[in-house]
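We number each residue from 1, following the sequence as shown.
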Amino acid sequence: MRGAKSAKWVAGAIIVAMSATACGSGDSGDSKDKGDGNKPAGYVSIDVGEPQNPLIPADTNEANGGYAIRALFTQLLTFDGKGEIVLTNAESVETADSKLWTVKLKKDWKFHNGEAVTAKSYIDAWNWYANKKNNQKNAYWFSDIVGYDEVHPEEGDPKAEAMSGLKQVDDHTFTIELKTKVPYFNYKLGYSTFAPLPKVFYDDPKAFGTKPVGNGPYQFESWDRKKSVQLKAYADYKGPNKAQNKGLLFRNYTTVEAAYKDLVSGNLDIVRAVGPTDLPKYKQDLGEGAIEEAFAGVQSLVPAFYSKSFKDIDPKVLQGLSMAIDRDTITKTVLNNTRTPAKGFTPPQVKGFQELEGITEYNPAKAKQLIQEGGGVPGNKFTIQYNSDGGHKEWITAVCESIRNATGVDCVGDPKPDFPTDLEARDNNQVKGMYRGGWVADYPVNVNFLKELYHSKAESNSGRFSDKEIDELMAKGDNANSLEESVAAYQEVEKKLAEKMPAIPLWYYRINAGHGKDVANVKVDFHGEIELYSVTVK
């Protein structure tokens, strides 16, 4: 959700970015927790795969790592189940002009090593995250702040070590000066990449990423690579989402089917995503443990605009490919009514949601016409990259068949063994055609599904879409006088994106998850993630 998501690239069949929700890699057969012993009493086990990167907040924008980061760290604020702001580590976040923001922290908050959480904990962390030399995936999230361009210049080395827009007032108060007005900036602060860091981090960031020390509801215990991550409840946590269980065990699976098998057999407490194979029967299998709920996420197909297939492609071709996809039939059959066909680039749960005309309507004749007018796809064939551990093969096969039948353009899947491998190919510009995109809200405003994915400098713009007109329209939205004006401006951005086609929206997500009989109070937040802190063990 990323995004989100987020955190928020999502990997799994239901929980795809942070973005996201994902399923990882590991044992493929009877996948009891080999190599990690049995689950400790009072802990909750869930299928969360291998994080792509070390567990540092600003270096995590995918769902596997996101689950761990959100358990280990708490930022200034978060959101309730309806996407409304809930203050956590912050006492207040206020502004008079949307440009200068004042943050007051709640006192007596501690990191898991006993160190106090102060204004300096945030300022130092944000400066480190933003610094170009530290190569953090989410550095761009700090680009609104005055001084970002000095610590993260487009060319060359940093000209400063700290952003001049961050100033400490006292131990528990600091100010954030932005380059321009950003009326939705407080919503952005709900993303986990804005979490603080303790002093020990700077001694050895690389080592810290393998044994992180956070300020969240859980503290780190162990990470058995490609098998499991184990966290225990932090007894002195001061936030509203205090753990109602003794700890968490994130277990890694090769497939969603293997995780589901363990759930049904009692070897796993929660699955985040039921794969297409098990969707028809999971409600019968799980009874009251079956979960189906809509959330703020969108599945899409994203062209790699550097690839031979889509370099210099006419947007008409992409509009045609979009109109060649029979979303209604695919969501009803292959996806067993667990998705809702998308009408645009943003989901219904965010501020500024709107339905766009035309681009997602199934119209084979119009699709074929547009593709011909736009000059077609080179070679009349392209690939769709996806992660094999996420339950995507079936629907991608159906999408390709729909496109082929409607237009004659051929299309095949390009599977990667797991989500981290899929992400690495995107990061390194190795996608051969399109890739399966999925984004879950990091914050519940339309901006999050537009700017974070389609601005030319956005870190999560893995298709490398770049359009000066879009960037300029986004800048107008950022400099609006109010949240309402900003949201309206980004609605105009979305309409223009329908002309440019940086991606093909497919459907909105519904989480199809489940839990076993040994746990209760399993709830879903607006990101589509399980609220693990509220889960109780019977």
Rounded to the nearest 0.5 Å, what separation is found between the [atom1] atom of [X] and the [atom2] atom of [Y]?
{"X": "Ile330", "Y": "Ser402", "atom1": "CD1", "atom2": "OG", "answer": "5.0 Å"}
{"X": "Thr78", "Y": "Leu76", "atom1": "OG1", "atom2": "CG", "answer": "11.0 Å"}
{"X": "Met434", "Y": "Thr383", "atom1": "CE", "atom2": "OG1", "answer": "9.5 Å"}
{"X": "Glu531", "Y": "Asp80", "atom1": "CD", "atom2": "CG", "answer": "9.0 Å"}
{"X": "Thr333", "Y": "Leu335", "atom1": "OG1", "atom2": "CG", "answer": "7.5 Å"}

Applying side-chain contact (heavy atoms from CB on, under 4.5 Å) to Asn89 and Tyr122, what does each step give before you reach the verdict?
CA-CA 11 Å; Asn89 198 177; Tyr122 281 92; 2.6 Å; yes
Identify the two heavy atoms, one from Pro303 and one from Leu301, that lie closest to each other, and give their separation to 0.1 Å.
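Heavy atoms of Pro303 and Leu301 come nearest at CD-O, 3.8 Å.
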Shortest non-hydrogen contact between Pro217 and Arg70, atoms and distance
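Taking every non-hydrogen atom into account, CD-O, 4.3 Å.
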Would Trp141 and Tyr129 satisfy ring pair (Phe, Tyr, Trp, His ring centres under 6.0 Å), going step by step from the backbone distance to the final call?
CA-CA 9 Å; Trp141 280 77; Tyr129 297 151; over 10 Å; no
Short question: side chain of [X], backbone of [Y] - any donor-acceptor pair under 3.5 Å?
{"X": "Thr331", "Y": "Thr340", "result": "no"}
{"X": "Asn245", "Y": "Leu532", "result": "yes"}
{"X": "Lys110", "Y": "Val117", "result": "no"}
{"X": "His112", "Y": "Gly216", "result": "yes"}
{"X": "Gln75", "Y": "Thr193", "result": "no"}
{"X": "Asp414", "Y": "Ile384", "result": "no"}
{"X": "Asn64", "Y": "Val48", "result": "no"}
{"X": "Lys261", "Y": "Val256", "result": "no"}
{"X": "Thr346", "Y": "Asn446", "result": "no"}
{"X": "Trp439", "Y": "Asn448", "result": "yes"}

Quick one: do [X] and [Y] make a salt bridge, cutoff under 4.0 Å?
{"X": "Lys416", "Y": "Asp389", "value": "no"}
{"X": "Glu50", "Y": "Lys227", "value": "no"}
{"X": "Lys343", "Y": "Glu494", "value": "no"}
{"X": "Lys137", "Y": "Glu62", "value": "no"}
{"X": "Asp422", "Y": "Arg426", "value": "yes"}

Would you please test Phe345 and Phe449 for ring pair (Phe, Tyr, Trp, His ring centres under 6.0 Å) and show each step?
CA-CA 7 Å; Phe345 295 92; Phe449 283 81; over 10 Å; no
Can you find a heavy atom in the side chain of [X] that is under 4.5 Å from one in the side chain of [Y]?
{"X": "Pro57", "Y": "Leu197", "answer": "yes"}
{"X": "Asp124", "Y": "Tyr202", "answer": "yes"}
{"X": "Tyr234", "Y": "Leu72", "answer": "no"}
{"X": "Lys199", "Y": "Glu115", "answer": "yes"}
{"X": "Leu453", "Y": "Asn461", "answer": "no"}
{"X": "Val86", "Y": "Phe79", "answer": "no"}
{"X": "Val487", "Y": "Tyr184", "answer": "no"}
{"X": "Val298", "Y": "Trp507", "answer": "no"}

Kindly check if the number of other-residue, nucleotide or ligand heavy atoms within 6.0 Å of [atom1] ([X]) is above 12?
{"X": "Lys206", "atom1": "NZ", "result": "no"}
{"X": "Asp518", "atom1": "CG", "result": "no"}
{"X": "Lys120", "atom1": "NZ", "result": "no"}
{"X": "Lys432", "atom1": "NZ", "result": "no"}

With His515, the side chain to side chain contact (heavy atoms under 4.5 Å, CB included) member among Ile291, Ile530, Asp269:
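Going through Ile291, Ile530, Asp269 one by one, the side chain to side chain contact (heavy atoms under 4.5 Å, CB included) with His515 is satisfied by Ile291 alone.
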Would you please indicate if the ring centroids of Phe295 and Phe526 are separated by under 6.0 Å?
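Centroid separation for Phe295 and Phe526: 6.0 Å or greater.
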Could you point out which residue of Tyr533, Tyr218, Trp109, Phe73 forms a ring pair (Phe, Tyr, Trp, His ring centres under 6.0 Å) with Tyr237?
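Of the listed residues Tyr533, Tyr218, Trp109, Phe73, the ring pair (Phe, Tyr, Trp, His ring centres under 6.0 Å) partner of Tyr237 is Trp109.
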Please determine whether salt bridge (charged side-chain N to carboxylate O under 4.0 Å, His left out) holds for the pair Lys226 and Asp418, giving the CA-CA distance in whole Å, both sets of side-chain angles, and the decisive distance to 0.1 Å.
CA-CA 11 Å; Lys226 295 191 175 182; Asp418 52 39; 5.1 Å; no
Applying side chain to side chain donor-acceptor pair (under 3.5 Å) to Tyr509 and Glu293, what does each step give before you reach the verdict?
CA-CA 9 Å; Tyr509 276 108; Glu293 195 169 324; over 6 Å; no
Step-by-step side-chain contact (heavy atoms from CB on, under 4.5 Å) determination, Tyr140 to Lys451:
CA-CA 11 Å; Tyr140 178 73; Lys451 186 176 183 179; 3.4 Å; yes
Is there a donor in the side chain of [X] and an acceptor in the side chain of [Y], or the other way round, less than 3.5 Å apart?
{"X": "Asn215", "Y": "Thr74", "result": "no"}
{"X": "Gln52", "Y": "Glu424", "result": "yes"}
{"X": "Asp285", "Y": "Tyr260", "result": "yes"}
{"X": "Tyr435", "Y": "Gln430", "result": "no"}
{"X": "Asn267", "Y": "Arg251", "result": "no"}

side-chain contact (heavy atoms from CB on, under 4.5 Å) assessment of Ser300 paired with Ile504
CA-CA 5 Å; Ser300 60; Ile504 296 175; 5.9 Å; no
Parallel, tilted or perpendicular: rings of Phe250 and Tyr67 (30°, 60°):
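Tyr67 vs Phe250 ring planes: perpendicular.
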Before giving the answer on salt bridge (charged side-chain N to carboxylate O under 4.0 Å, His left out), spell out for Glu84 and Lys351 the whole-Å C-alpha distance, their side-chain angles and the decisive distance to 0.1 Å.
CA-CA 11 Å; Glu84 297 302 324; Lys351 299 180 191 303; 3.8 Å; yes
Between Val399 and Arg327, does the side-chain contact (heavy atoms from CB on, under 4.5 Å) criterion hold? Intermediate values first, please.
CA-CA 8 Å; Val399 165; Arg327 293 165 178 79; over 6 Å; no
Stepwise, does the ring pair (Phe, Tyr, Trp, His ring centres under 6.0 Å) test hold for Phe194 with Phe142?
CA-CA 9 Å; Phe194 287 94; Phe142 300 89; 4.8 Å; yes
